[in-house]
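Notes follow once the structure below has been shown.
If you read the sequence from its start, that first residue is 1, and numbering goes on from there. This is a predicted model, so every value here is computed, not measured.
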Amino acid sequence: AECVSALSRLDPRQRDTGYALCLLGKAHAEMVEYQESARAFERARRVDPTRLESCEVYSTVLWHLKRDTRLSHLAQECVSTDRLAPQTWCALGNCFSLQKEHETALRFFRRALQLDPKHPYAHTLCGHEYFANEDFEKAMTSYRAAIRLDPRHYNAWYGLGTVYYRQEKYELSEYHFRHALGINSRSSVLFCYLGMAQHALRRTGDALELLRKAVALDAKKPLRCGAWAGYGCRLFDFGRAIDLSLPVFELDLSVLWRSVTWHDFLDMWAFAFGFKPSKLLRTSRNLTAASFGFALVKLLVSAGAKGVFII
């Protein structure tokens, strides 16, 4: 947030350079503000189309946004600019990762490391692909390599935390999530994962407080705020989850409609409960407020029948 504020105070001739816009894109990405990050990176591409610095971060932002066409186009632009840049191969790897072709993605990320063995982000991306393939030992090796090169590379600390969480080593998971959060305290995702680790350690009160902080960071982002509330239902109980979801319903409805459809919001709740939204909701993409309320009640009743409110 301080970086974004500082960049906004620059003279327009400095603020609108490729370097400054890439910094802005990275700052938004680290705050999990992917839409804003993508806009900043796109402006940077228009100002300086041959600049490859931070393209690995931009490609990851597009990966999170599931913009496969734009990601493919970015990778082609990078190849045309410099085939021997590690950022090019990171962008190519993210293209195939988005298509669930993890082995191909790994080959491209390893190629990036051949070109620059001291590229922490490429090591971390390798770790993510190994994790997706459930090769946890190689994932940990990649994350540790990234941390040796850059001890403040919080993505790798987060990656180690996810591995330990999957292995049910919750104390180690908590340690690594907390370390990542110490580096980047503006990430709602890190607050949520640390809360999950705390809940697994039976520290329910601390976990709930962390989930509230995740909601507070995303109070103006209804889709993710709804997701955290959904996790609240899954991890805690209905009453606490409703408390977590209040920031969503306190938003101006015009803001909510511009940000996300009711159907998307329900999809996130259904995902948190372990339902398949397509089977739960037989509605169009344009739900009215009344039908949204009915569908949400239907979802909560179904969730109660499954016993998801019981710890």
Exercise. With a 4.5 Å limit on heavy-atom distance, are the side chains of Asn155 and Thr60 in contact?
Worked result: no

For this session: Look up atom OG in Ser185 and atom CE in Met31, then write down how far apart they are to the nearest 0.5 Å.
Result: 10.5 Å

For this session: Starting from Phe96, walk the hydrophobic network (Ile, Leu, Val, Met, Phe, Trp, Tyr; side-chain heavy atoms closer than 4.5 Å) and list everyone else you reach, by chain and number.
Result: Val79, Leu84, Trp89, Leu92, Phe108, Leu115

For this session: Just say parallel, tilted or perpendicular for the rings of Phe177 and Tyr193, cut-offs at 30° and 60°.
Result: tilted

For this session: Flag the pair His153 / Ile147 as yes when at least one side-chain heavy-atom distance between them is below 4.5 Å, and no otherwise.
Result: no

Problem set entry | Euclidean distance, Glu56 CD relative to Phe109 CZ, rounded to 0.5 Å | 10.5 Å

Problem set entry | Ser80 side chain to Gln76 backbone, donor-acceptor under 3.5 Å | yes

Exercise. Where the side chain of Tyr143 meets the backbone of His128, is there a donor-acceptor pair that is under 3.5 Å apart?
Worked result: yes

For this session: Please report the closest heavy-atom contact between Val61 and Ser37, naming both atoms and the distance.
Result: CG2-OG, 3.4 Å

For this session: Spell out, as yes or no, whether a donor-acceptor pair under 3.5 Å connects the side chain of Trp157 to the backbone of Pro151.
Result: yes

Problem set entry | Point-to-point distance, once rounded to the nearest 0.5 Å, from SG of Cys22 to CG of Leu7 | 11.0 Å

For this session: Answer yes if the ring centres of Tyr154 and His179 are under 6.0 angstrom apart, and no otherwise.
Result: no

For this session: Taking all heavy atoms of Gly18 and all of Val47, pick out the closest pair and write down the distance.
Result: N-CG1, 3.9 Å

Problem set entry | Atom of Ala122, atom of Leu113 and distance for their closest heavy-atom approach | CB-CD2, 3.6 Å

For this session: Would you please test Gln198 and Glu174 for side chain to side chain donor-acceptor pair (under 3.5 Å) and show each step?
Result: CA-CA 7 Å; Gln198 295 249 343; Glu174 180 199 15; 2.7 Å; yes

Exercise. Charged N to carboxylate O below 4.0 Å: is that the case for Arg70 and Glu77?
Worked result: yes

Exercise. If you measure only the distance, is there a donor-acceptor pair under 3.5 Å linking the side chains of Ser5 and Arg9?
Worked result: yes

Exercise. Say you draw a straight line from NE2 of His176 to CG of Leu160; how long is it, rounded to the nearest 0.5 Å?
Worked result: 4.5 Å

Exercise. How long is the gap from NZ on Lys213 to SG on Cys192, to the nearest 0.5 Å?
Worked result: 14.0 Å

Exercise. Leu106 and Cys126: side-chain contact (heavy atoms from CB on, under 4.5 Å), yes or no, with the steps?
Worked result: CA-CA 6 Å; Leu106 269 169; Cys126 277; 4.2 Å; yes

Problem set entry | Side-chain heavy-atom pair Glu129, Ser97 within 4.5 angstrom cut-off | yes

Exercise. Could you give the distance from CZ (Arg39) to CZ (Arg43), rounded to the nearest 0.5 Å?
Worked result: 10.0 Å

Exercise. Does the Ser142 side chain pair with the main chain of Lys138, one donor and one acceptor, at a distance under 3.5 Å?
Worked result: yes

Problem set entry | Arg45 and Leu74: CA distance, side-chain angles, deciding distance, side-chain contact (heavy atoms from CB on, under 4.5 Å) verdict | CA-CA 9 Å; Arg45 298 291 301 166; Leu74 173 66; 3.9 Å; yes

For this session: On the 0 to 90° scale, with breaks at 30° and 60°, tag the Tyr121-His119 ring pair as parallel, tilted or perpendicular.
Result: perpendicular

Problem set entry | Over all atoms of both residues, closest heavy-atom pair of Thr162 and Phe131 | O-CE1, 3.7 Å

For this session: Name all residues meeting the side-chain hydrogen bond (donor to acceptor under 3.5 Å, both in side chains) criterion together with Glu2; count only those two or more places apart in sequence or in a different chain, and write none if there are none.
Result: none

Exercise. Are any side-chain N or O atoms of Thr88 and backbone N or O atoms of Asp82, one a donor and one an acceptor, separated by less than 3.5 Å?
Worked result: yes

Exercise. Is there a donor-acceptor contact under 3.5 Å from the side chain of His123 to the main chain of Pro117?
Worked result: yes

For this session: Show your reasoning for whether side-chain contact (heavy atoms from CB on, under 4.5 Å) applies to His73 and Thr69.
Result: CA-CA 6 Å; His73 184 56; Thr69 302; 5.8 Å; no

Exercise. Between Tyr170 and Tyr165, is the ring centre distance below 6.0 Å?
Worked result: yes

Exercise. Do any N or O atoms from the side chain of Asn133 and from the backbone of Asp135 form a donor-acceptor pair under 3.5 angstrom?
Worked result: no

Problem set entry | Steps toward side chain to side chain donor-acceptor pair (under 3.5 Å) verdict (Thr204, Asp206) | CA-CA 6 Å; Thr204 306; Asp206 293 338; over 6 Å; no

For this session: Without swapping roles, check the side chain of Thr17 against the backbone of Gln14 for a donor-acceptor pair under 3.5 Å.
Result: yes

Problem set entry | Gln35 versus Leu65, closest heavy-atom pair with distance | NE2-CD2, 3.8 Å

Exercise. Would you call Met140 and Tyr164 a side-chain contact if the rule is heavy atoms closer than 4.5 Å?
Worked result: yes

Problem set entry | Under 3.5 Å donor-acceptor, Arg186 side chain and His28 backbone | no

Exercise. Do you see a donor-acceptor pair shorter than 3.5 Å between the side chains of Glu42 and Tyr58?
Worked result: yes

Exercise. Around atom NZ of Lys100, are there more than 12 heavy atoms of other residues, nucleotides or ligands at under 6.0 Å?
Worked result: no

